[in-house]
Every structure is written in C-alpha cells, then in structure tokens.
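Read through the structure below, which is laid out as structure tokens, and then see the notes.
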Amino acid sequence: MAERIGWIGLGIMGKPMAANLLRAGYELTVHSRSRGPVEELTQMGARAADSPREVADGSEVIITMLPDSPDVSQAVAGENGVLEGAPSGSLLIDMSTISPVVARELAEAARGRGVGMLDAPVSGGDVGARQATLSIMAGGSAEDFARAEPIFKVLGKTITHVGSSGAGQVVKACNQIVVALTIEAVSEALVLGSKAGVDPEVIIKVLSGGMASNRVMEMRGRNFLEHDFTPGFKVDLHHKDLGIALAAGGEYGVSLPVTAIVGQMLHALRTRGMGAQDHSALLTLIEDWAQHTVGGRD
Ligand code: NAD
C-alpha cells in the first residue's frame, strides 16, 4: 500500500510537487505558512494541518520543501516541529536546498528519535516541478533511499543516490555554481553582442548549435530577450545557494573566486529590491554597466 505522506512548504516548487503526488493517488496532509496554496491542495483532496508536528503525526513519510536552513531547522527540530510528532520508523525527506552541515545535523537528530532522513534537493526548476521531470539527488542510507524511490519517481525523472547524509546538498551546491555562472556568462555575451549591433535572438540561436549551448539559454532565453523576470527561481534563493557553496568551500579549503563575484552581483540585485525576481534578472546589472538594453538601439 502507498505510504501516507505529510508535506510542508507549498511555494513555487512545493505546490506542484505535492499536487503530482495527489494525482498519483497518495494520501496527503499539507502545511504551509500561506493559506492560499493550502486551500488549493485541500480542494484536490489533501488534508490540512496547523503545524509540522500535526503533519508528522499520522504520516509515514514527511517531506519538507522550504526556503532555507533556518526554516527547515525550525520546521523539523523546533517547537511543534516534525520530530515532536513523527512516529518511530517514519522517514523524513528534506527536498529544500540547505546547508550540508545542517542537513547532517538534522539527520542525526532524526536518527536519535528512530526517524530516517534523506536530504534530497532537486534541480529542474518550476517547470520540472510541474511536469514531474525534476532531477533529484539524495543523501542518506541505501534503505531510506529505496523506501523513498517510488515517491521520487512521481516527482522526477533523474533520481540518484549520491552518498551519505549531506551528499545531496553538496551536489546541489555544485549545480547552483554552474547555473549561476552560466547565467552570468550568457548575460555578458548578450549585452556585448547586442551593443555591438547583432540581433540577440540570432546570438542565442547560433550559440545553441555549438559548444556554448546550455540549458540556461534554452529555459531562460525568452526571459532575457523579453526582460520578463517573473520567477522561476528567485534571486534571493540563488544568493542563498551561493552562500551555501561558499561556506562549503570554506569548510573544505576550496577557493571559489567567480562564485564569490556572482554572489556579490546577486547581492546587488537584492539591494535594488529585485530579490523576488527571477535569477535571469542578473542581465540587468551587466546592461546597466554597459548603458545598453539587450535588443535596444542604444
Ligand atoms: P518559495 O519561496 O516559493 O516557497 C517556500 C514556501 O514555504 C512558501 O509557500 C512559504 O509560505 C513556505 N514556508 C516558509 N517557511 C515556512 C515555515 N516555517 N513553515 C511552513 N511553511 C513555510 O520557494 P521555492 O521556489 O518553492 O523553493 C523551495 C526550495 O526549493 C528552496 O530551498 C529553493 O532553493 C529550492 N529550489 C527551488 C527551485 C525553483 O526553481 N524555484 C528549484 C530547485 C530548488
């Protein structure tokens, strides 16, 4: 029989992922800070709970999809948190992107209560969440991974057990470095090419046919060309993720010079009040410095 699932965090990612589990026939109890998405999910057949503790009580598998490390720590180990309600033998899966160190600490606290834990962050964005094509990278024991696999298969396409607790978050940090630096590189290329008088759409088309092709241009090409920065993935969250990568670099003695620069650029966007916009808005910084709008005449 399918396991009863508790879901905490119904944002851009969590809401469509939870909806996919409901459509697949799973029994779901949900909780989130904002009421709107909770109501949408209850209309689809989910049960609403008032706290993470209430979600955990009566669920066999509990999934969190929250913004940052403090949110997950609070929801899991805080007052009225998951660990106060989770029955022994249940499995906690954190699919948020958080610090690998915090992921390991929470897994240890869960183990102390007889609860298994996987860190299983995702890539593939809001589109992947809606279309159930996410890439899922999980850290934890082989037994817990095997138990979670049927659920992962409903949510994603590429599902990989990458190592012990925290390893999922390490791989996700690697992913976020590559995505951020690619957005920055594409932004520089488009501003240079456009200011030099070439149609930016042509630049994307030509680059997409050679070694410079990448998923950022494929998934965000239209955003760059139309200056549509509706999230997607928020600047605030990518800034948080590069902070995680830089902290991991500090811990393991790895210098990440360009990650640090792009982190500072995202910081500048937040200072401009653009933290809730899509990370492709990084383009606007390069445009400002060049005094040129991609696709414009100046
Ligand atoms: P979001 O801000 O859209 O959603 C977060 C949700 O959590 C919101 O609904 C908020 O109300 C809820 N929430 C926050 N704190 C809470 C708490 N203490 N208790 C209950 N609910 C709480 O963020 P998102 O884009 O859905 O991202 C979620 C996680 O997934 C982040 O860690 C992010 O880095 C990661 N992620 C996002 C994307 C993306 O493209 N958006 C892609 C991959 C990974």
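First listed ligand is number 1; within each ligand, the first listed atom is number 1. When a residue number appears, it is its place in the shown sequence, counting from 1.
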| remark: To atom 31 (C) of ligand 1, the nearest of Val122, Val179, Leu66 on a heavy-atom basis is Leu66

| Which of the atoms in ligand 1, numbered in the order shown and given with their element, are less than 4.0 Å from a heavy-atom of Gly11? | 3 (O), 4 (O), 6 (C), 8 (C), 9 (O), 26 (O)

| Between Gly9 and ligand 1, is there a nitrogen or oxygen pair with a distance under 3.5 Å? | no

| note | Note: ligand 1 atoms sitting under 4.0 Å from heavy atoms of Gly232 are 40 (O), 41 (N)

| Who's the nearest protein heavy-atom neighbour of atom 30 (O) of ligand 1, and how far? | Met65 CE, 3.2 Å

| What protein heavy atom sits nearest atom 39 (C) of ligand 1, and how far away is it? | Phe233 CD1, 3.1 Å

| task | Heavy-atom contacts with Lys240 under 4.0 Å: which atoms of ligand 1 show up? List them by number with element. | result | 31 (C), 32 (O), 33 (C), 34 (O)

| Looking at atom 3 (O) of ligand 1, what's its closest protein heavy atom, distance included? | Ile12 N, 2.9 Å

| request: Could you check if a side-chain atom of Thr259 sits within less than 4.5 angstrom of a side-chain atom of Leu181, using non-hydrogen atoms only? | output: yes

| Heavy-atom donor-acceptor pair, Ser213 side chain to Gly210 backbone, under 3.5 Å | yes

| query | Can any side-chain N or O of Glu84 pair as donor or acceptor with the backbone N or O of Asn80 at less than 3.5 Å? | reply | yes

| said: I'd like to check whether Met13 has a polar contact with ligand 1, where a contact means an N/O of the residue lying under 3.5 Å from an N/O of the ligand. | reply: yes

| Against heavy atoms of Lys172, which atoms of ligand 1 measure under 4.0 Å? | 43 (C), 44 (C)

| query | If we only count heavy atoms from C-beta on, is the Val101 to Gln169 side-chain gap below 4.5 Å? | reply | no

| Any donor-acceptor pair under 3.5 Å linking the side chain of Asp278 with the backbone of Phe233? | yes

| field | Members sharing Leu92's hydrophobic cluster (side chains within less than 4.5 Å) | value | Ile8, Val55, Ile62, Leu66, Val72, Val76, Val82, Leu83, Ile98, Val102, Leu106, Val115, Met117

Review item, side-chain donor-acceptor pairs of residues 121-132, under 3.5 Å, at least two apart:
residue : atom : partner : partner atom : Å
Asp126  : OD2  : Arg130  : NH1          : 3.4

| Is Gln74 in contact with ligand 1, taking contact as a heavy-atom separation below 4.0 Å? | no

| request: Answer yes or no: does an N/O atom from Leu237 fall short of 3.5 Å to an N/O atom of ligand 1? | output: no

| Would you find a donor on one side and an acceptor on the other, under 3.5 Å apart, between the side chain of Glu108 and the backbone of Arg104? | no

| message | Give me the nearest non-hydrogen protein atom to atom 12 (C) of ligand 1 as residue plus atom name, then the distance to 0.1 Å. | response | Ser32 OG, 3.6 Å

| N or O pair under 3.5 Å between Arg33 and ligand 1 | yes

| Where ligand 1 meets Lys234 - atom numbers and elements under 4.0 angstrom, heavy-atom basis | 1 (P), 2 (O), 3 (O)

| query | Do any N or O atoms from the side chain of Thr158 and from the backbone of Ser135 form a donor-acceptor pair under 3.5 angstrom? | reply | no

| message | Can a donor-acceptor pair be found, under 3.5 Å and without considering hydrogens, that links the side chain of Ser90 to the backbone of Ala86? | response | no

| query | Which ligand 1 atoms, with their elements, are less than 4.0 angstrom from a heavy-atom of Thr97? | reply | 32 (O), 34 (O), 35 (C), 44 (C)

| query | Counting each atom of ligand 1 from 1 as listed, which ones have a heavy atom of Leu10 under 4.0 Å away? | reply | 9 (O)

| request: Using a strict cut-off of 4.0 Å, indicate which atoms of ligand 1 neighbour a heavy atom of Ser96. | output: 32 (O)

| said: Could you check whether any side-chain heavy atom of Met13 comes within less than 4.5 Å of a side-chain heavy atom of Met17, counting everything from C-beta outward? | reply: yes

